[in-house]
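Counting begins at 1 with the first residue of the sequence. Both ligands and their constituent atoms are indexed starting at 1 by order of listing.
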Amino acid sequence: MLRKGMQMLNDPFKNKGTAFTIEERKKYGLLGLLPSCVRTIEEQADEIYRLYQSKNSRIEQRHLLMEVFNTNRTLFFYLMEKHIAEFMPVVYDPVIAEAIEQYNERYIKPQDAAYLSIEHPDLIKEELTDAADGRDIRLIVVTDAEGILGIGDWGVNGVDISVGKLMVYTAAAGIDPSQVLPVSIDAGTNNEKLLKSANYLGNRIKRVEGQPYFDFIDKFVDAVEGLFPKSLLHFEDFGRGTAARILDKYQDKILTFNDDIQGTGIIALAGVLGAMNISKEKLTDQTFLTFGAGTAGMGIAKMLYDELIRQGLTPEEAKKHFYLVDKQGLLFDDTPGLTPKQKPFTRQRSEFANADELTNLLAIVKAVHPTVMIGTSTQPGSFDEAVVKEVAAHTPRPVIFPLSNPTKLAEAKAADLLKWTDGKALIATGIPVKDIEYNGTVYQIGQANNALIYPGVGFGALAAEAKVLNDNMLAAAAHALSGLVDPEKPGAAVLPPVSKLTEFSKRVAELVAESAIDQGLAGDEITDAKKVVEEKIWKPRY
Ligand SMILES: NC(=O)c1ccc[n+]([C@@H]2O[C@H](COP(=O)([O-])OP(=O)(O)OC[C@H]3O[C@@H](n4cnc5c(N)ncnc54)[C@H](O)[C@@H]3O)[C@@H](O)[C@H]2O)c1
Ligand SMILES: O=C(O)C[C@H](O)C(=O)O
Ligand SMILES: [Mn+2]
């Protein structure tokens, strides 16, 4: 057994480090375990921030912040509160991608996550119970890491994405960090580099697929429902062949959410609505081209489609607004290898005289004239000058969102898009981009990353004790961000800035909670959305 004082210092949910007062040091057996000076949280935060600034790479900065996170959650989130826009790219995307790639080499602590192995379905309950360690878990982010951002299969290294997504939940929306549990499902990996690496910490087996895999997922979901019945189960970075199938199975039965499908869909719709505010065009007049029709691409198409229906189009009319492009080129109803989610949105070859030539993006753009082009393809640079100029030739304010993450995979750089369209493009990117000056105007670039929306969505659903998260609640979230940017300002962004993340996450949470209440899906006692959201916000204070 750890000594009482050591137990306190080793518990990141309770530890205050040098901020323990003399009284507390006496009470918790900490006398002699700390230097004599008692610090305030402000002083501790200032010291860490100075140290942070002295680090000369972002991965080292991340490492420092993770050390704080691992030892003292309150201090970590206090720092996040003060420096949210600066720290987000370091603790989250894009630097998190580097951390995942270097996970084995840099491994020090397991970060209070639950590690489940496909080799031991019989141990799921025990593993979750041990990892929760008696805490009242309300939110789980689980990954099997088959599709980490756009960087592929990273096996157990992917646990960082579960940890990172949960950090953003607390920093943005105020979920109590002691009520969250990151989960890694180690179902093997097809990443040859990991399989061959002496340092790899996960199961050194090929990814388990098919029925045994889905049986494991079912067992996992059952265990979560049994152990943590009031929790929201958030799925992150599963593969194209599993993410939608799992969501479809569970979304009407339990409180669950797929961030890559639904979170990305909401933020992309919010961004397109923001673009419409600026261009003064109608959503129902747009032609959408989705480049990369996988998990995220189809989540986005579905959210845009649902909005067109809400705006009065029939399903047949709405579908005519979409063109999906994937590896095969423009997707037709007879294209081989279509996924179940792609099938309803395919086109017919008879619509085009040159259908068989529509296998590259430039040819497709020439044939289709999209007004909104969204990239979730993991193909860097695919929105090149010729493609972008062709889009801009047929619409006054082309809406172009290169959303693939991390930075190295983006379909285009925002500065190039502005240059190639003479400042006309309405842009959102997956990763944060600094303001860009072009021809005397300063352009702010919106970040269409699901991190801007999922914290509010999840928190709202939890605050309302919602039974499920349904399309109406997602739509409420997509509309929550409108009106936060002045569309008349030259160079205005299509989405509000990350510096306001905490503010607008609260608004998203309130509207999602309200939707649950209005639909009769909230907990019995819950009637006032604003009140329950306010009451449940956790603040990083000692
Ligand atoms: N900004 C955000 O919030 C956000 C959210 C989710 C995903 N993403 C990004 O989107 C990308 C895709 O993620 P996903 O989860 O949908 O992965 P996915 O594997 O499910 O989908 C990627 C799709 O791109 C297709 N593709 C590959 N090469 C192509 C090519 N040359 N031309 C056209 N299509 C091609 C694949 O066949 C697949 O259908 C990733 O980079 C990810 O980081 C961004
Ligand atoms: O993690 C991100 O930055 C967004 C998204 O969930 C992704 O998979 O790229
Ligand atoms: Mn993701």
Side-chain angles (χ1 to χ4, degrees), residues 88-89 91-97 99-100 141-154 158 160-168 234-245 247 257-271 289-303 323-331 335 337-339 341-342 358-362 364 373-383 387 401-411 428-433 446-455 495 498:
M88 277 287 282
V91 301
Y92 178 66
D93 203 4
V95 182
I96 198 166
I100 290 169
V141 173
V142 59
T143 188
D144 76 349
E146 186 181 348
I148 290 289
L149 314 174
I151 60 175
D153 183 342
W154 283 92
D160 273 354
I161 201 70
S162 296
V163 175
K165 291 271 170 182
L166 284 166
M167 280 176 173
V168 178
H234 167 141
F235 286 83
E236 190 68 47
D237 290 355
F238 281 64
R240 195 179 82 161
T242 60
R245 182 165 156 181
L247 179 65
F257 178 69
N258 183 296
D259 187 34
D260 299 288
I261 299 173
Q262 298 170 302
T264 317
I266 305 171
I267 197 66
L269 170 59
L289 189 156
T290 307
F291 183 67
T295 306
M298 293 319 301
I300 293 168
K302 162 88 166 51
M303 276 302 288
Y323 295 89
L324 305 183
V325 183
D326 209 275
K327 275 182 190 154
Q328 306 96 313
L330 184 61
L331 299 185
T335 300
L338 294 174
T339 68
K341 294 293 167 193
Q342 291 168 344
L358 300 181
T359 52
N360 72 79
L361 186 57
L362 182 59
I364 296 165
M373 180 165 75
I374 297 182
T376 47
S377 66
T378 72
Q379 299 303 304
S382 44
F383 293 176
V387 165
F401 291 1
L403 298 188
S404 286
N405 296 320
T407 320
K408 64 184 175 194
L409 297 181
E411 283 81 4
T429 51
I431 36 92
V433 174
Q447 191 185 352
N449 189 297
N450 45 36
L452 275 84
I453 207 81
Y454 74 73
L495 287 163
V498 174

- request: Would you mind running through ligand 1 and noting each atom that sits below 4.0 Å from a heavy atom of Gly150?
  value: 40 (C), 41 (O), 42 (C), 43 (O)

Lys/Arg N to Asp/Glu carboxylate O, Asp237 vs Lys165, below 4.0 Å: no

- request: Could you name the option among Leu403, Leu149, Leu452, Asn258 that has the heavy atom nearest to atom 1 (O) of ligand 2?
  value: Leu149

statement: So CG of Leu324 and CG of Leu330: to nearest 0.5 Å the spacing works out to 8.0 Å

task: Applying side chain to side chain contact (heavy atoms under 4.5 Å, CB included) between Asn405 and each of Ile151, Thr429, Asn450, Asn449, report the one that passes.
output: Asn449

message: Checking the N or O distance criterion of under 3.5 Å, is ligand 1 in contact with Ala296?
response: yes

- request: Spell out, as yes or no, whether a donor-acceptor pair under 3.5 Å connects the side chain of Asn258 to the backbone of Asp260.
  value: yes

query: How many degrees, to 10°, between Asp260 OD1 and Asp237 OD1 as seen from the Mn ion (ligand 3)?
result: 90°

- prompt: Quick check: does Thr378 get an N/O under 3.5 Å from an N/O on ligand 1?
  reply: no

Non-hydrogen side-chain atoms of Leu361 and Leu289 separated by less than 4.5 Å: yes

- prompt: Just wondering, do Thr295 and Thr264 contact through their side chains at under 4.5 Å, heavy atoms?
  reply: no

message: Give me the nearest non-hydrogen protein atom to atom 36 (C) of ligand 1 as residue plus atom name, then the distance to 0.1 Å.
response: Asp326 OD1, 3.3 Å

message: Nearest 0.5 Å, please: how far is CG in Asp259 from OH in Tyr454?
response: 6.5 Å

task: Enumerate the atoms of ligand 2 whose separation from the nearest heavy atom of Asn449 is less than 4.0 angstrom.
output: 2 (C), 3 (O), 4 (C)

- prompt: Which of the numbered atoms in ligand 2 are below 4.0 angstrom from a heavy atom of Glu236?
  reply: 6 (O)

task: Taking only heavy atoms of Lys165 into account, list the atoms of ligand 2 that are under 4.0 Å away from them.
output: 1 (O), 2 (C), 4 (C), 5 (C), 6 (O)

- line: If we number the atoms of ligand 1 from 1 as shown, the ones under 4.0 Å from a heavy atom of Phe291 are 32 (N), 33 (C)

task: Would you mind checking which non-hydrogen protein atom is closest to atom 18 (P) of ligand 1, with the distance to 0.1 Å?
output: Thr295 N, 3.9 Å

field: Protein residue, atom and distance nearest to atom 19 (O) of ligand 1, heavy-atom basis
entry: Arg240 CB, 4.4 Å

message: Distance check, rounded to the nearest 0.5 Å: Lys341 atom NZ versus Arg240 atom CZ?
response: 13.0 Å

- prompt: Ile261 versus Met298: any side-chain heavy-atom pair under 4.5 Å?
  reply: no

- prompt: Nearest heavy atom to atom 8 (O) of ligand 2: which of Thr378, Ile161, Val168, Asp260 does it belong to?
  reply: Asp260

- prompt: When rounded to the nearest 0.5 angstrom, what is the spacing between CD1 in Ile100 and CG in Asp93?
  reply: 8.5 Å

task: From atom 29 (C) of ligand 1, work out which of Lys408, Gln447, Gln379 has a heavy atom at the shortest distance.
output: Gln379

Atoms in ligand 1 with a heavy atom of Thr264 nearer than 4.0 Å: 2 (C), 3 (O), 4 (C), 5 (C), 6 (C)

message: As an exercise, identify every atom of ligand 1 less than 4.0 angstrom from a heavy atom of Leu149.
response: 40 (C), 42 (C), 43 (O)

- prompt: Using heavy atoms and a threshold below 4.0 Å, how should the contact between Ala451 and ligand 1 be classified: side chain, backbone, both, or neither?
  reply: neither

message: Need the ligand 1 atom indices (1-based, order shown) with element for anything under 4.0 Å from a heavy-atom of Leu403.
response: 1 (N), 8 (N), 9 (C), 44 (C)

- prompt: What atoms of ligand 1 come closer than 4.0 angstrom to any heavy atom of Asp260?
  reply: 6 (C)

field: Residue, atom name and distance, where the atom is the protein heavy atom closest to atom 3 (O) of ligand 1
entry: Asn450 N, 2.8 Å

- prompt: Parallel under 30°, tilted from 30 to 60°, perpendicular over 60°: which one fits the rings of Phe291 and Phe383?
  reply: tilted

- prompt: For atom 3 (O) of ligand 2, what is the nearest protein heavy atom, given as residue, atom name and distance?
  reply: Asp93 OD2, 2.6 Å

statement: Honestly, for Ile96 the part within reach of ligand 2 (heavy atoms, under 4.0 Å) is neither

message: Quick check on contacts: which atoms of ligand 1 are under 4.0 angstrom from a heavy atom of Ala448?
response: 1 (N), 2 (C), 3 (O)

query: Taking C-beta and beyond as the side chain, do Val142 and Phe238 meet within less than 4.5 Å on heavy atoms?
result: yes

field: Atom indices of ligand 2 within 4.0 angstrom of Asn450 heavy atoms, with elements
entry: 4 (C), 5 (C), 6 (O)

- request: Provide, to 0.1 Å, the distance between atom 22 (C) of ligand 1 and the closest protein heavy atom, together with that atom's residue and name.
  value: Thr376 O, 3.6 Å

query: How far is atom 21 (O) of ligand 1 from its nearest protein heavy atom, and which residue and atom name does that atom have?
result: Gly294 CA, 3.3 Å

- request: Would you mind listing which atoms of ligand 1 come within a distance below 4.0 Å of any non-hydrogen atom of Gly430?
  value: 1 (N)

field: Main-chain N/O of Glu236 paired to Thr143 side chain as donor or acceptor, under 3.5 Å
entry: yes

task: Kindly say whether Pro380 contributes a backbone atom to a donor-acceptor pair with the side chain of Glu411 at under 3.5 angstrom?
output: no

Backbone of Leu403 reached by a side-chain donor or acceptor of Thr376 within 3.5 Å: no

- prompt: Among all protein non-hydrogen atoms, which one is nearest to atom 26 (N) of ligand 1, and what is the separation to 0.1 Å?
  reply: Ser377 O, 3.7 Å

task: Flag the pair Met88 / Val168 as yes when at least one side-chain heavy-atom distance between them is below 4.5 Å, and no otherwise.
output: yes

query: Just by distance, do the side chain of Thr290 and the backbone of Ala293 share a donor-acceptor pair under 3.5 Å?
result: no

- line: The closest protein heavy-atom partner of atom 9 (O) of ligand 2 is Asn405 ND2, 2.9 Å

field: Closest approach of any protein heavy atom to atom 2 (C) of ligand 2, naming residue and atom
entry: Tyr92 OH, 3.1 Å

statement: Answer key: the N, O or S atom of Glu236 nearest to the Mn ion (ligand 3) is OE2

query: How many angstroms lie between atom CG of Leu269 and atom NZ of Lys302, to the nearest 0.5 angstrom?
result: 11.5 Å

